[in-house]
Every structure is written in C-alpha cells, then in structure tokens.
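Below is one structure, written out as structure tokens, with a few remarks after it.
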Amino acid sequence: MFSFICSSNNNIPRIAKMLSSFRETYGEFMIEIPTRQDNEVGGTISLFSFPSLASLADATEQELRDMGLGYRAKYIIETRNLLVQCGGNDFLLNLRTRQDAQAVQEELIKFSGIGRKVADCVALFSLDSDYAIPVDIHVQHIASRDYDPTVLGEAKSITPTIYKRVGDLFRGRFASYPGWAHSLLFVAELPSFRGILPVDVVKEMDEWREHEQRKKQEKKEESKKRKQ
C-alpha cells in the first residue's frame, strides 16, 4: 500500500529513490552485495527489508517529508494509523481471500491517498485479486481501440462508471487472470517494447493514435468556431 501511494503522480526513478530511503530508514538490514562497473567490482550496496507496521509506529509526517516523500507523507501516516485500527496484517490477509475485486477495491479506497486505480494496483499485485483492473487513460485507450470505441462516450474524464465499464471489458474478454492480461497489454504500449511487437500491431497502434489526435484537434476547432 505504501509503495503504491508513493507511485501516484510520480516517475520510476523518483519512486525508487523514495522507497530506497523508506526502507533504509525504517526497514531492517538484510545483506550487502557487490556491485559491478565495467566488469569489475565497484563497491557494495546494502539491502533493507520493507518496513513493518511496528517499525513505522513512531514515524512522523515531517520525517517522511524530509526523506523526499512530499505530500504523500501525510497519506502514509494516515494510512498507517487506519491500517492499525483495521487490524494490520490480518486485515490485508483477509482481503487476500476475497473473490470480489470490487469489494476489495471499496475497502482499499477508504485509506488516505488511495483512489480506485491505486486500490486495484494493490489488489492485483499484492492481494492475489486477479480480476482487479487498474484503469488510467492509457488503459482506457486500449479498451477504446481494441474492444469498444464507445466506452468513453461523451465523458471528458474517467468517471467511476466508466472506470468499471473499462474493467468489465477486460474481465469479459479474458476469463482467466484478466488483471495480468491487462498488465501485459499495458506494458506493450510502452515505447521500449515497440521493437519486439509485430509490425502490423505497431502500425495499427500508430494509426489509432493519429486518428484520436485528429478527432481532438477537430473538436478544438469546432469549439473555437462556436465561441466566435
């Protein structure tokens, strides 16, 4: 939960730096391993465990802010407090046994700094909830392009209704492990994976993206005309 709170509106290098500081400050030392540079041992790196709730008991918001967590510091402190009240690890392990992804999501969004997407990330990657589908604009684009071009309708953003509709498209398409199928499709959209995708698939992706950009431009031009 804490890791995904740190991931919200963030980039991978900064997330890694935040969590490294978080583990070093509140986790337990595990092992020191050598690092290599130009095929030679260039020093060592210390690995620390992820902090337990007990080790976070005395952590303060200011400490986390000084560590570079920014506004997320408040969310982590509030989530820690509520998680302790709910039963800590036992509460999370109980969620792990729940088969209803929607019910798990509803429980997780009660915590500070956890919206629907972050809740579904926690559920899918940490709580064995294979039917949880984390939805953002990129996932909505995949659903619109490949499964239902009308899924967004006239909405300008992903409302709770559209969020569920997009997730249901993946759940309906993939009877088993739809959350993991979604993750593979999401990763395939990343620029670093374009080189291993079939040429016709890349072409289709590019054509759809260009089509969407033209549609947006046309809407902007129509809006300007109406205002004149």
Side-chain angles (χ1 to χ4, degrees), residues 1-38 40-96 104-129 132-139 158 163 179 182-183 186-187 189-192:
M1 292 174 72
F2 300 127
S3 293
F4 281 109
I5 288 174
C6 289
S7 74
S8 182
N9 297 317
N10 214 341
N11 58 62
I12 292 175
R14 192 155 178 263
I15 295 168
K17 184 178 180 181
M18 282 182 179
L19 294 179
S20 177
S21 297
F22 193 56
R23 290 193 301 270
E24 288 178 14
T25 303
Y26 301 108
E28 294 184 2
F29 173 78
M30 296 173 62
I31 191 173
E32 195 165 291
I33 59 176
T35 59
R36 286 186 174 274
Q37 185 173 4
D38 298 327
E40 294 183 2
V41 176
T44 61
I45 183 172
S46 298
L47 299 183
F48 294 80
S49 65
F50 200 84
S52 64
L53 274 178
S55 66
L56 289 172
D58 296 325
T60 67
E61 180 180 338
Q62 189 58 52
E63 286 177 352
L64 297 177
R65 285 185 176 275
D66 292 342
M67 205 179 294
L69 271 65
Y71 68 87
R72 301 169 187 82
K74 177 183 177 183
Y75 296 156
I76 287 178
I77 295 300
E78 291 178 347
T79 289
R80 175 203 64 189
N81 293 343
L82 181 55
L83 187 55
V84 170
Q85 292 175 23
C86 290
N89 290 340
D90 289 340
F91 169 78
L92 296 175
L93 290 173
N94 177 262
L95 289 184
R96 210 171 196 174
V104 174
Q105 182 196 94
E106 293 298 331
E107 288 292 335
L108 292 174
I109 62 175
K110 296 175 183 177
F111 292 87
S112 183
I114 297 182
R116 295 188 187 279
K117 179 191 171 184
V118 171
D120 280 340
C121 284
V122 173
L124 176 62
F125 299 118
S126 301
L127 298 177
D128 298 334
S129 188
I133 310 291
V135 175
D136 60 11
I137 189 65
H138 305 292
V139 175
I158 300 175
Y163 187 102
H182 140 281
S183 297
F186 177 85
V187 168
E189 299 286 316
L190 299 176
S192 57

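Counting heavy atoms of neighbouring residues, nucleotides and ligands inside a 6.0 Å radius, atom CG of L190 exceeds 12 of them.
For S21, the side-chain contact (heavy atoms from CB on, under 4.5 Å) partners are M67, not counting sequence neighbours. In this structure, R23 has no side-chain hydrogen bond (donor to acceptor under 3.5 Å, both in side chains) partners at least two apart in sequence or on a different chain. When the side-chain contact (heavy atoms from CB on, under 4.5 Å) test is applied to T60, the partners found at least two apart in sequence or on another chain are Q62, E63. In this structure F186 satisfies the ring-ring contact (aromatic ring centres under 6.0 Å, His included) test with no other residue, sequence neighbours excluded. Applying the ring-ring contact (aromatic ring centres under 6.0 Å, His included) rule to F2 yields no partners; only residues at least two apart in sequence or on another chain are considered. With sequence neighbours left out, S49 forms a side-chain hydrogen bond (donor to acceptor under 3.5 Å, both in side chains) with no residue at all. In this structure N11 satisfies the side-chain contact (heavy atoms from CB on, under 4.5 Å) test together with P13, R14, sequence neighbours excluded. In this view, E24 satisfies the salt bridge (Lys or Arg N to Asp or Glu O under 4.0 Å) rule with no residue, not counting sequence neighbours. Residues that satisfy the side-chain hydrogen bond (donor to acceptor under 3.5 Å, both in side chains) test with T25, not counting sequence neighbours, are absent from this structure. With sequence neighbours left out, the side-chain hydrogen bond (donor to acceptor under 3.5 Å, both in side chains) criterion links S3 to no other residue.
Minimum heavy-atom separation, T44 to T35: N-OG1, 4.0 Å. The two residues E61 and A73 make their nearest non-hydrogen contact at O-CB, 3.5 Å.
Ring orientation note: the planes of F48 and F29 are nearly perpendicular, at an angle over 60° on the 30°/60° scale.
Contacts classified as side-chain hydrogen bond (donor to acceptor under 3.5 Å, both in side chains) and involving residues 71-85 (residues at least two apart or in different chains) are given here: E78-S112. The stretch residues 104-124 participates, sequence neighbours left out, in these salt bridge (Lys or Arg N to Asp or Glu O under 4.0 Å) pairs: E106-R116, E107-K110, K117-D136.
Counting heavy atoms from C-beta on, the side chains of V122 and L95 never come closer than 4.5 Å.
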